[in-house]
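Written below as structure tokens is the structure these notes are about.
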Amino acid sequence: MSFTWSAKDHKSYTNPPAATGLKRARNDTGNKVTVVLGAQWGDEGKGKVVDLLATEADMVCRCQGGNNAGHTVVVDGKEYDFHLLPSGIINSKSISLIGNGVVIHLPGLFEEGDKNEKKGLKGWDKRLIVSDRAHLVFDFHQVVDGLQETQRQAQEGKNIGTTKKGIGPTYSSKASRTGLRVCDLLGDFKDFSSRFKNLVQQYQSMYPSLTVDVEDQLKKLKEYGERLRPMVRDGVYYMYEALHGAPKKILVEGANAALLDIDFGTYPFVTSSNCTVGGACTGLGIPPLNIGDVFGVSKAYTTRVGIGAFPTEQLNAVGELLQTRGHEVGVTTGRKRRCGWLDLVILRYAHMINGFTAIALTKLDILDVLDEIKVGVAYKLNGKRIPHFPANMEVLHKAEVEYETFPGWKTDTSAARKWNDLPAKAQNYIRFIENHIGVPIKWVGVGKSRECMIQMF
Ligand code: GDP
Ligand code: IMO
Ligand code: MG
């Protein structure tokens, strides 16, 4: 397996500066990070791809989102699910970093660590680093998430279908500059307590039914803070040293996905962070020049959890087959995932934003039994193809999908380990996707576990 680390132009930052700033910037870029991002509506198999790459990584980082993510990794027949912890935590030789762009629910973090420890994940807390700039998700943010969903349902007749993990309310607190961060919790606790009380009051004035046992919350937060303290670092400086110290293999694990991105997704049916490539820079303090490979992860079909437009959704026997064969049930909420054909319009759109250097196509094996397979290749409005992905959801709902139809290969691919093991019809399907998006497919997934990944180059 090779992902290019491009440490070739690495120089220590202790070197004397070159004559011009411009030249120095070009010569002293430091290590390049590899980014793994969801290219659809989430649950594409990012955890599995990260796990594969993490076997040789020195550092695996989360840059955005919170425990709304659910990443499954299967190693030696054991299934782990990660929500806040980077999936690379499985690799005992690598450091895991939770960056400033992530929102952290401390009870959730420790519960997740302890649960995985019982499954055999030893020493996770010794190799976890947490940025002091990361914002905290409080229990009341999660309650408010639920109250907002009820309000949306009452006002608009529909909600977003959030994970109720407090993600939206916490990023709202962050944007309105009333949020509290890890550094605040570990600083002057008196000051933290008074800001916490103010924040509670603000939410109570918006949601009068919200009750919070402030003293009990503060007591628990103090305890969690002490447990967290040994893991906390200045995230920016930590990353700077990692980029400019000895050559390092650094991996960024995206959470959620392009079509759930707060700016580029199917707004308002999105999450509250940037799940596209910019989130790797802002969520970890990584300069754009240090971004190396950007791997997009896509299923060989499409799924979506929660509400919102889904042009290639199949509300029929095909959708049901994909749901059952693919075990399409959300890792975080246990909800059934909606299923449909692969949509190349959204993949091209995700590529416009992320500039993928390669794609991992997962769950090809789920299509093994189909007689024919369709792929959405274009959207039409009033009978005319449109070149862009519509911003407005009403327009998107009206878009008609143009499909290409492929014959199914009707062969079990789960034992395939190399390109030549795949039936010609499956190869044809993969090549079509690759050509249509204009990005090489580097991996093809044919099963849950680590070894079920065909590497193409
Ligand atoms: P993530 O959120 O992107 O990390 O993905 P999830 O873990 O939420 O969902 C992906 C699901 O598909 C998990 O249950 C994986 O074990 C499973 N999976 C990943 N790749 C493959 C594959 O190639 N074939 C099959 N059958 N399952 C896969
Ligand atoms: P991973 O990392 C699938 C969806 C929720 C909801 C919307 C907003 O496992 O791919 P939020 O709780 O974030 O405010 O919910 O976004 N959603 C995801 N769907 N996979 C995810 O993450 C998701 N993270 C958020 O279902 O529709
Ligand atoms: Mg998931």
Side-chain angles (χ1 to χ4, degrees), residues 1-3 36 38-40 43-56 70-82 87-88 90-91 119-120 295-303 314 317-329 331 337 339-342 347 358-375 405-437 439-457:
M1 175 196 339
S2 68
F3 53 124
V36 175
Q40 299 170 306
D43 306 322
E44 298 90 349
K46 296 176 288 295
K48 187 184 161 196
V49 174
V50 167
D51 169 62
L52 192 75
L53 298 174
T55 52
E56 53 173 61
H71 299 176
T72 320
V73 177
V74 184
V75 184
D76 298 333
K78 247 191 235 170
E79 188 160 319
Y80 299 87
D81 54 286
F82 297 110
S87 305
I90 284 197
N91 177 358
K119 282 192 193 169
F295 296 139
V297 188
S298 169
K299 283 179 191 169
Y301 51 97
T302 311
T303 64
Q314 296 299 300
V318 170
E320 277 166 36
L321 182 130
L322 294 173
Q323 199 278 322
T324 41
R325 255 185 81 75
H327 303 287
E328 296 296 353
V329 178
V331 186
R337 296 175 184 143
C339 298
W341 298 120
L342 185 68
L347 291 187
I359 283 182
L361 188 76
T362 61
K363 300 191 108 164
L364 184 82
D365 52 306
I366 306 305
L367 305 181
D368 286 351
V369 296
L370 289 165
D371 292 325
E372 61 171 32
I373 298 162
K374 291 189 179 191
V375 182
T405 305
F406 293 82
W409 41 92
K410 310 271 281 176
T411 311
D412 182 359
T413 59
S414 63
R417 293 293 173 265
K418 49 187 196 304
W419 174 247
N420 289 339
D421 295 341
L422 288 173
K425 285 176 182 156
Q427 292 180 343
N428 190 32
Y429 181 71
I430 295 164
R431 289 299 183 215
F432 179 83
I433 298 165
E434 194 169 64
N435 288 333
H436 198 89
I437 314 169
V439 182
I441 291 179
K442 192 171 172 68
W443 295 278
V444 176
V446 291
K448 278 185 155 215
S449 49
R450 233 181 224 176
E451 61 278 9
C452 299
M453 207 62 155
I454 298 169
Q455 183 161 337
M456 314 272 274
F457 59 93

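Counting begins at 1 with the first residue of the sequence.
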Please check this pair: side chain of Q40 against backbone of Y301, looking for a donor-acceptor N/O pair closer than 3.5 Å.
yes

T72 side chain reached by E79 side chain, heavy atoms, under 4.5 Å:
yes

Heavy-atom side-chain contact between C339 and Q314 under 4.5 Å:
no

Side chains of I373 and L342, heavy atoms from C-beta outward: is any pair under 4.5 Å?
no

Taken to the nearest 0.5 Å, the spacing of K425 NZ from E372 CD works out to 12.0 Å

Determine whether R417 and V446 make a side-chain contact, defined as any pair of heavy atoms from C-beta on separated by less than 4.5 Å.
yes

Atom pair CG (L53) and OG (S87), whose distance is rounded to the nearest 0.5 Å:
11.0 Å

Minimum heavy-atom distance between A300 and L361, given as atom pair plus value:
CA-CD1, 3.9 Å

Among E44, E328, K48, find the residue that satisfies the side-chain contact (heavy atoms from CB on, under 4.5 Å) test when tested with K363.
E328

Applying side chain to side chain contact (heavy atoms under 4.5 Å, CB included), run through L367 and W409 and close with a yes or a no.
CA-CA 8 Å; L367 305 181; W409 41 92; 3.7 Å; yes

Quick check: closest heavy atoms across A360 and V49, and the distance to 0.1 Å?
CB-CG2, 3.8 Å

Do the non-hydrogen side-chain atoms of W341 and V375 ever get within less than 4.5 Å of each other?
no

Would you check if W419 and I430 make a side-chain contact, meaning some heavy-atom pair closer than 4.5 Å?
yes

Got a second to check how far H327's NE2 is from L322's CG, nearest 0.5 Å?
12.5 Å

Just by distance, do the side chain of N91 and the backbone of A54 share a donor-acceptor pair under 3.5 Å?
yes

Looking only at heavy atoms, which two atoms of G45 and V297 are closest? And how far apart?
C-CG1, 4.0 Å

Please give me the minimum heavy-atom distance between D365 and G445, naming the atom from each residue.
OD1-O, 3.7 Å

CG/L364 to CD1/I366 distance, rounded to the nearest 0.5 angstrom?
9.0 Å

Is there a side-chain contact between I433 and I359 in this structure, where contact means two heavy atoms from C-beta onward sitting under 4.5 Å apart?
no

Within 6.0 Å of NZ in K119, more than 12 heavy atoms from elsewhere:
yes

Can you measure from CD (Q455) to CZ (F457) and round to the nearest 0.5 angstrom?
8.0 Å

Nearest heavy-atom approach of V73 to G47 is CG2-O, 3.6 Å

Would the distance check show the side chain of K410 and the main-chain N or O of D371 forming a donor-acceptor pair, the cut-off being under 3.5 Å?
no

Would a 4.5 Å heavy-atom cut-off, applied to side chains only, mark R450 and I90 as touching?
yes

What verdict does the side chain to side chain contact (heavy atoms under 4.5 Å, CB included) test give for D43 and K299, after you've listed the backbone C-alpha separation in whole Å, the side-chain angles of each residue and the deciding distance to 0.1 Å?
CA-CA 8 Å; D43 306 322; K299 283 179 191 169; 4.0 Å; yes

Step by step, work out the side chain to side chain contact (heavy atoms under 4.5 Å, CB included) result for R337 and V331.
CA-CA 10 Å; R337 296 175 184 143; V331 186; 3.6 Å; yes

Please indicate whether N435 has more than 12 foreign heavy atoms, meaning atoms of other residues, nucleotides or ligands, lying under 6.0 Å from its CG.
yes

With no hydrogens and no angle check, do the side chains of T413 and D368 hold a donor and an acceptor under 3.5 Å apart?
yes

Contact summary for L422 and A416, nearest pair of heavy atoms:
CD2-CB, 3.9 Å

Has the side chain of D76 got a donor or acceptor atom that lies under 3.5 Å from a matching backbone atom of K78?
no

